[in-house]
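These notes concern the structure reproduced below.
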Amino acid sequence: MKLVEVELRRIRLPLVAPFRTSFGVETDRDILLVRVTTEAGTRGWGECVAGGLPLYSAEHTAGAQQVIREFLLPRLWRLPEVTAHRLEPALAAVKGHRMAKAALEMAVLDAELRTLGTSLGGWLGAVRDRVPAGVSVGIADSIPELLDAVHGYLGEGYRRIKLKIEPGWDVEPVRAVRERFGDIALQVDANAAYRLPDAAHLAKLDDFDLLLIEQPLADDDLRGHAALAARLRTPICLDESITSARAAADAIALGACALVNIKPGRVGGLLEARRVHDVCAAHGIPVWCGGMLETGIGRAANVALAALPNFTLPGDTSASGRYWRRDLVTEPFVLRGGHVEVPAGPGLGISVDEAWLDEVTSSVERLGPAS
Ligand code: OSB
Ligand code: MG
């Protein structure tokens with residue numbers, strides 16, 4: 001496959017409701033999309049999951065666009081033949097910038113699989129055609145507001161509730177949700193907001209039979225997570241810390257986690273995401289698919305990944321309507337019986353609503369081999 005153009009497009013899409021985490025509030029997403037065009041005229045889409053600000057990880061949208069333009073594309077143009085498997089080693093010399101790399105890889109893989117007539121799920125090794133969906137519920141202004149939000153999501157059929165927590169918003173909201181809704185599948189996500197000395201406080205969550213606590217400590221604190229694991233009954237799941245299959249192997253060997261959240265963007269792409277899945281499977285560590293408030297483009301990739309065999313817990317693979325009034329894809333993801341369907345068409349299996357895309361576009365940059 002040869003590429004003739006790579007388009008870097010920035011869009012601004014308002015969320016249906018503000019989403020608050022321990023690292024900030026999102027109301028309006030500033031998203032970088034990548035669209036590749038092959039010599040044969042086949043197109044492929046990629047979505048960069050970096051946030052507008054570098055608060056979840058070191059990457060941010062404008063930085064990812066610069067990295068793709070300045071450092072990744074020159075390496076792509078030098079390849080005599082472009083496939084996702086060839087792209088990955090060609091980009092390896094550039095350190096980090098995993099979300100930028102993942103966006104480019106997704107677009108290349110979409111075009112490649114559309115050319116082959118193969119769905120992403122089928123190509124990755126999916127074993128199901130629909131996946132159970134959970135929902136991530138942001139920090140609310142009050143407990144009654146939180147209970148209303150959870151009530152709404154349960155009414156829609158979501159199979160698992162994840163509550164965002166931070167110091168000052170942890171034991172009481174969890175207790176309130178457990179008391180009101182009984183035996184639901186419930187877990188929490190701290191986005192690295194605690195320190196090891198908070199262990200005794202976090203142990204209070206042990207009373208509520210949570211499925212897991214996600215990323216309680218700093219991204220680079222594997223040893224701290226291992227020490228915390230020894231003091232909690234609630235299983236620890238890592239998100240931010242797991243940046244590669246090697247990081248997953250290290251975390252597992254150290255006893256830092258009992259479960260892993262996999263996000264393709266966080267680990268540098270779908271190929272590495274599958275390796276994380278495989279490493280975890282080999283160690284008996286269950287995984288689930290995280291989310292980064294994606295549009296239908298990135299969501300299609302997440303849902304395909306979530307159909308692999310070791311994804312044994314519901315993911316943050318919610319329906320389009322949980323995020324957007326109008327998604328970028330012509331067939332938005334919907335919740336049916338608490339599940340979302342894995343797209344069956346070639347590549348990502350989605351088509352983009354071009355009229356809506358143009359309306360929400362803030363800038364377009366078109367780059368070719370000579371630019
Ligand atoms: O930590 O999982 C996270 C959203 C943005 C950044 C980080 C996280 C999240 C979520 C939302 O929890 C998951 C989703 O529904 O996409
Ligand atoms: Mg998380």
Side-chain angles (χ1 to χ4, degrees), residues 13 15-31 47-61 64 98-99 102 131-140 149-150 153 156 158-166 169 186-194 210-219 225 235-243 251 257 259-267 273 276 287-303 305-306 313-324 327-328 332-333 335 340:
L13 208 55
L15 289 162
V16 291
F19 182 68
R20 192 164 137 212
T21 63
S22 60
F23 59 82
V25 191
E26 296 236 43
T27 51
D28 229 347
R29 296 222 62 216
D30 172 10
I31 300 171
E47 176 171 346
C48 182
V49 300
L53 301 172
L55 303 178
Y56 164 82
S57 76
E59 291 187 82
H60 72 297
T61 309
R98 292 182 173 88
M99 293 174 177
V131 298
V135 61
S136 176
V137 186
I139 293 165
V150 171
Y153 290 131
E156 290 180 53
Y158 283 103
R159 294 290 173 112
R160 174 280 268 155
I161 298 290
K162 161 170 138 181
L163 304 180
K164 290 289 189 178
I165 59 168
E166 66 181 0
W169 181 264
L186 185 62
Q187 64 193 53
V188 294
D189 184 0
N191 288 111
Y194 295 87
L210 301 177
L211 291 168
L212 57 91
I213 177 171
E214 182 179 344
Q215 197 71 42
L217 309 180
D219 304 19
H225 281 101
I236 292 178
C237 174
L238 291 176
D239 172 356
E240 285 90 330
S241 293
I242 308 299
T243 53
C257 64
L259 305 111
V260 169
N261 164 331
I262 302 184
K263 296 173 178 173
R266 195 193 62 224
V267 301
V276 176
V287 304
W288 55 281
C289 186
M292 293 290 285
L293 312 174
E294 290 91 344
T295 75
I297 297 172
R299 189 163 312 284
N302 286 347
V303 169
L305 182 70
L313 286 90
D316 286 341
T317 46
S318 312
S320 296
R322 181 256 172 271
Y323 310 92
W324 320 113
D327 202 339
L328 280 184
F333 288 84
L335 205 59
V340 293

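Counting convention: from 1, in listed order, for ligands and their atoms alike.
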*Hey, which atoms in ligand 1 end up nearer than 4.0 Å to a heavy atom of Asn191?*
1 (O), 3 (C)

_Closest Asp239 atom to the Mg ion (ligand 2) [N, O or S only]_ = OD2

_Check against side-chain hydrogen bond (donor to acceptor under 3.5 Å, both in side chains), Ser241 and Gln215_ = CA-CA 8 Å; Ser241 293; Gln215 197 71 42; 3.0 Å; yes

_Less than 4.0 angstrom from a charged side-chain N to a carboxylate O is my criterion; do Glu166 and Arg20 meet it?_
yes

_Close-contact set for ligand 1 against Lys263 heavy atoms, below 4.0 Å_ = 1 (O), 2 (O), 3 (C), 7 (C), 8 (C)

_One pair to check against salt bridge (charged side-chain N to carboxylate O under 4.0 Å, His left out): Arg160 and Asp316. What are the steps and the verdict?_
CA-CA 9 Å; Arg160 174 280 268 155; Asp316 286 341; 2.9 Å; yes

*asked:* Can you name the atoms of ligand 1, numbered from 1 with element, that are less than 4.0 Å from a heavy atom of Glu214?
replied: 2 (O)

_Atom of Glu214 closest to the Mg ion (ligand 2), considering N, O or S atoms_ = OE2

_I'd like the name of whichever of Met292, Lys164, Glu26, Arg299 reaches closest to atom 10 (C) of ligand 1 through any heavy atom._
Lys164

*What atoms of ligand 1 come within less than 4.0 Å of a heavy atom belonging to Ser136?*
10 (C), 11 (C), 12 (O), 13 (C)

_Test side chain to side chain contact (heavy atoms under 4.5 Å, CB included) on Arg29 and Leu293; report intermediate values, then the result._
CA-CA 8 Å; Arg29 296 222 62 216; Leu293 312 174; 3.6 Å; yes

*Look only at the side chain of Gln187 and the backbone of Glu214, and say whether a donor-acceptor pair between them is shorter than 3.5 Å.*
no

*asked:* Check for me whether Gln215 has a heavy atom closer than 4.0 Å to any atom of ligand 1.
replied: no

*Let me know which of Asp189, Val137, Val188 forms a side chain to side chain contact (heavy atoms under 4.5 Å, CB included) with Lys164.*
Asp189

*Proximity of Asp189 to ligand 1 by residue part, where a heavy atom lies under 4.0 Å*: side chain

*Can you check side chain to side chain contact (heavy atoms under 4.5 Å, CB included) on Trp288 and Leu212, steps first, answer last?*
CA-CA 11 Å; Trp288 55 281; Leu212 57 91; 3.6 Å; yes

*Looking only at N, O or S atoms, find the one in Asp189 nearest to the Mg ion (ligand 2) and name it.*
OD2

*Short N or O distance, Phe19 and ligand 1, threshold 3.5 Å exclusive*: no

*Which of the atoms of ligand 1 are close to Asp239, meaning less than 4.0 Å from one of its heavy atoms?*
1 (O), 2 (O), 3 (C)

